[in-house]
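Since the structure comes first, as structure tokens, the remarks are kept for the end.
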Amino acid sequence: MSAQTTLVIVHTGPVTVQPLSALAPELIPGVRVVNLVDDSLLKDTMAAGHVTPEVTRRLAQYMMIGQDMGATMILNACSSVGEAADAIRPLLAVPLVKIDVAMAERAVATARRIGVAATVQTTLDPTVRLIERVARDSGKQIEVRRALCEGAFEALLAGRTEEHDAIVEQALIGLAKDVDLIVLAQVSMGRVADKPGGSIGVPVLTSPRLGMERVAETLRGHLERAA
């Protein structure tokens, strides 16, 4: 890929910056990565219990700024605002990828009983709706079970990472008893699935690698069509 190729990632908090940036040299070598971070997007969404028109407008502004910065593609890094990103897509002249779509597609393709775990309610609900929509589009019957890891997100923000990991791990172990596969709705939860010696009991999907693989695939197709 050309050194002039630019991926702009819009984040709603700092916790997604490192995992996604770390995958870039491997999966999209030579691509310039620009991170736009505004944690008020997620905080305001959580406070309201849903994505507000004000959050949608700010998200649109960041994506338009990314486009003005020369983005070849924009990546939405937060599932909580994923449905707002869908509404913004027609306004953009460059492709928009959502971090969790590839994960949802993999889950539906490989399992019938799917567990969805999140540490934030406003991320849990949109992720479930995404998986259900992917299943409808593919004509597949699935069952979705939810698990909200209460207190984990607050612990992570406060720097209590061990507490966060323990809460999430226990929730995943409990959820695994009733499902064939678990989807982690947030990038920040991936650290628990990657923990050495972990024993969740069923396969666990996380969005960073699958999402960045989708970015690489979409970038290649976009650049080939533009050539």
Side-chain angles (χ1 to χ4, degrees), residues 7-24 33-66 69 71 73-88 96-104 116-130 147-168 171 183-195 205-212 214-215:
L7 173 69
V8 173
I9 309 178
V10 180
H11 306 264
T12 63
V15 296
T16 53
V17 175
Q18 191 280 331
L20 298 180
S21 297
L23 289 166
V33 176
V34 177
N35 296 293
L36 301 180
V37 185
D38 180 357
D39 63 1
S40 76
L41 294 169
L42 181 56
K43 289 178 180 178
D44 290 354
T45 297
M46 291 174 62
H50 58 87
V51 178
T52 65
E54 293 78 13
V55 167
T56 299
R57 282 196 295 270
R58 292 208 304 278
L59 184 67
Q61 289 170 346
Y62 286 123
M63 291 183 174
M64 296 299 291
I65 289 170
M69 293 172 69
M73 177 173 295
I74 294 172
L75 173 63
N76 177 63
C78 178
S79 297
S80 285
V81 298
E83 291 166 333
D86 288 333
I88 296 165
L96 169 66
V97 172
K98 299 196 302 180
I99 191 66
D100 51 3
V101 170
M103 178 177 65
V116 179
T119 61
V120 176
Q121 185 70 51
T122 54
T123 304
L124 181 60
D125 294 338
T127 303
V128 170
R129 289 194 293 267
L130 173 62
L148 179 62
C149 309
E150 296 189 23
F153 188 71
E154 291 76 12
L156 183 64
L157 290 183
R160 303 192 303 273
T161 55
E162 291 186 4
E163 180 183 344
H164 165 274
D165 294 356
I167 293 172
V168 172
V183 166
L184 299 186
Q186 289 154 254
V187 171
S188 56
M189 301 172 72
R191 51 185 288 120
V192 178
D194 296 337
K195 185 179 177 182
L205 297 184
T206 59
S207 59
R209 177 168 290 275
L210 290 172
M212 289 294 280
R214 178 60 55 86
V215 165

Which pairs of donor and acceptor atoms, one on a side chain in residues 11-18, lie under 3.5 Å apart (sequence neighbours left out)?
{"from": "H11", "atom 1": "ND1", "to": "T16", "atom 2": "OG1", "distance (Å)": "2.6"}
{"from": "H11", "atom 1": "NE2", "to": "N35", "atom 2": "OD1", "distance (Å)": "2.7"}
{"from": "T16", "atom 1": "OG1", "to": "G13", "atom 2": "O", "distance (Å)": "3.4"}

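Q186 contributes no side-chain N or O that, together with a main-chain N or O of T123, makes up a donor-acceptor pair within less than 3.5 Å. Looking only at distances, a side-chain donor or acceptor of S80 sits under 3.5 Å from a matching main-chain atom of T122.
Note that OG1 of T119 and CG of L156 are 7.0 Å apart. Values are rounded to the nearest 0.5 Å. In this structure, the separation between CG on L205 and CG on D100 is 12.0 Å, given to the nearest 0.5 Å. The distance from the SG atom of C78 to the CD1 atom of I9 is 13.0 Å, given to the nearest 0.5 Å. How far CG of L75 is from NZ of K98: 11.5 Å, rounded to the nearest 0.5 Å. Between atom CG of residue D165 and atom CE of residue M189 there is a gap of 10.0 Å, rounded to the nearest 0.5 Å.
Between A71 and V8, the shortest heavy-atom contact is CB-CG2, 3.5 Å. Residues A171 and C149 share a closest heavy-atom pair of CB-SG, 3.5 Å. Among all heavy-atom pairs drawn from V55 and V81, the shortest one is CG1-CG1, 4.2 Å. Of all the heavy atoms in A152 and V168, the pair that sits closest is CB-CG2, 3.9 Å.
Applying the side-chain hydrogen bond (donor to acceptor under 3.5 Å, both in side chains) test to H164 and every residue at least two apart in sequence or in another chain returns nothing. Applying the side chain to side chain contact (heavy atoms under 4.5 Å, CB included) test to E163 and every residue at least two apart in sequence or in another chain returns A155, R160, I167. A24 pairs by the side chain to side chain contact (heavy atoms under 4.5 Å, CB included) definition with I28, V33, M212, not counting sequence neighbours. Not counting sequence neighbours, the partners of P208 by the side chain to side chain contact (heavy atoms under 4.5 Å, CB included) test are L20, L23, V187, T206. By the salt bridge (Lys or Arg N to Asp or Glu O under 4.0 Å) test, R209 is found to be paired with E26, residues two or more places apart in sequence or in another chain being considered. Listed by chain and residue number, nothing satisfies the side-chain hydrogen bond (donor to acceptor under 3.5 Å, both in side chains) test with T127 (two or more places apart in sequence, or in another chain). Listed by chain and residue number, T52 satisfy the side-chain hydrogen bond (donor to acceptor under 3.5 Å, both in side chains) test with E54 (two or more places apart in sequence, or in another chain). In terms of the side-chain hydrogen bond (donor to acceptor under 3.5 Å, both in side chains) criterion, residue partners of D44 (sequence neighbours excluded) are, by chain and number, R58. Not counting sequence neighbours, the partners of L124 by the side chain to side chain contact (heavy atoms under 4.5 Å, CB included) test are V116, A118, Q121, V128, R146, L148.
The shortest distance between side-chain heavy atoms of M63 and N76 falls below 4.5 Å. Within the 4.5 Å cutoff, no side-chain heavy atoms of H50 are placed close to those of D125.
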